[in-house]
Amino acid sequence: MKEPNVKDLKKYLQGMAKLPKAKYITSERLSRIIGIYPEVINENLSFFDPMIMMDYTFNLLELVPAIKKFVEDKEAKRTPTPKPVAVKKNEVNAYENYFDFIYKKLTYGGMIDRNVNLSDKDLKILKRLINEELANRKAKK
C-alpha cells in the first residue's frame, strides 16, 4: 500500500472535526462533508487499517490517533526549503562592470586574494554583471 498524502489526511481530519459530538463516522458520511468519493477515502485510509476496503461501515474515528501521529511524523521530517537569494537592481548598479566587482570583492591591496569565498548573493551579482557585459558586446556587433 502506498502512503497517503498528508494534505488529504489533514482534509479528512478537518471533516471529522466538523462533527465533534459524533460517535460514529463512516466513509459515506465523511464523503458528504468533504466532497470526496468514499472509495477514495477508503483507499487512502487503508494504509492505517486494510479492513476499511471491505467494510463500508467502519468507524473512522478509530483511526484519528494513528492519522494524527502519521501527520505529525511527516511534518517533523519535512525540512524547510531555503529561500532563493534575491539580488536587487541597486546592488548590481553599485558596480560599474564586472571588473569593478572583481577589484572590490576579490582583491586585497591590489593583489588577488585567493582565500576569498563569494556568497551566493555575490555570485548572482557577478552573473548579472557578466550577462550585462555579454549583452553590451552583442549590441556593438
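Keep in mind that this is a model prediction, so the values were computed, not measured.
Sorted by first then second residue, the salt bridge (charged side-chain N to carboxylate O under 4.0 Å, His left out) pairs that include residues 97-109, not counting sequence neighbours, are Asp100-Lys104, Lys105-Asp122. A ring-ring contact (aromatic ring centres under 6.0 Å, His included) check over residues 109-141, counting only residues at least two apart or in different chains, returns nothing. Within the structure, every pair that satisfies the salt bridge (charged side-chain N to carboxylate O under 4.0 Å, His left out) test and touches residues 129-138, not counting sequence neighbours, is listed here: Glu133-Arg137.
Put simply, Met53 and Ile41 are part of two different groups of oily side chains (I, L, V, M, F, W, Y) that touch within less than 4.5 Å, one to the next. At a threshold of 4.5 Å between side-chain heavy atoms, the hydrophobic network of Ile, Leu, Val, Met, Phe, Trp and Tyr places Phe99 and Leu106 in one connected group. Residue Leu63 is grouped with residue Leu61 when hydrophobic side chains (ILVMFWY) are merged at heavy-atom distances under 4.5 angstrom, including chains of intermediate members.
Looking only at side-chain heavy atoms (C-beta outward), Ile52 and Leu60 come within less than 4.5 Å of each other.
Here the shortest heavy-atom pairing between Phe48 and Ala66 reads CE2-O, 3.8 Å. Minimum interatomic distance between Glu91 and Ala86 (heavy atoms only, all atoms of both residues): OE1-O, 4.2 Å.
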Please walk me through it: do Val116 and Tyr108 pass side-chain contact (heavy atoms from CB on, under 4.5 Å)?
-> CA-CA 10 Å; Val116 173; Tyr108 182 74; over 6 Å; no

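Phe101 is linked by a ring-ring contact (aromatic ring centres under 6.0 Å, His included) to Tyr95, counting only residues two or more places apart in sequence or in another chain. Partners of Asn59 under the side-chain hydrogen bond (donor to acceptor under 3.5 Å, both in side chains) rule, at least two apart in sequence or in another chain, do not exist in this structure. Under the salt bridge (Lys or Arg N to Asp or Glu O under 4.0 Å) criterion, Glu62 pairs with no residue at all, not counting sequence neighbours. Partners of Asn115 under the side chain to side chain contact (heavy atoms under 4.5 Å, CB included) rule, at least two apart in sequence or in another chain, are Asp113.
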Please set out all donor-acceptor pairs under 3.5 angstrom arising from side-chain atoms of residues 6-23, sequence neighbours excluded.
from  : atom 1 : to    : atom 2 : distance (Å)
Lys10 : NZ     : Glu75 : OE2    : 2.2
Tyr12 : OH     : Asn44 : ND2    : 2.6

In a table with atom names and distances, give each donor-acceptor pair under 3.5 Å that connects a side chain of residues 124-131 to protein atoms at least two apart or in another chain.
from   : atom 1 : to     : atom 2 : distance (Å)
Lys124 : NZ     : Val85  : O      : 3.2
Arg128 : NH1    : Val87  : O      : 3.4
Arg128 : NH2    : Val87  : O      : 3.3
Asn131 : ND2    : Lys127 : O      : 3.4

Which donor-acceptor pairs under 3.5 Å do the side chains of residues 28-40 make with protein atoms, sequence neighbours left out?
from  : atom 1 : to    : atom 2 : distance (Å)
Arg29 : NH1    : Tyr24 : O      : 3.1
Ser31 : OG     : Ser27 : O      : 3.4
Ser31 : OG     : Glu28 : O      : 2.6

Listed pairs under 3.5 Å, donor-acceptor, residues 67-74 side chains, sequence neighbours left out:
from  : atom 1 : to    : atom 2 : distance (Å)
Lys69 : NZ     : Asp73 : OD2    : 3.3
Lys74 : NZ     : Glu3  : OE1    : 2.7

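Taking a 6.0 Å sphere around CG of Leu134, one finds it holds more than 12 heavy atoms contributed by other residues, nucleotides or ligands.
Separating the CZ atom in Phe58 from the OG1 atom in Thr26 is a distance of 11.5 Å, to the nearest 0.5 Å.
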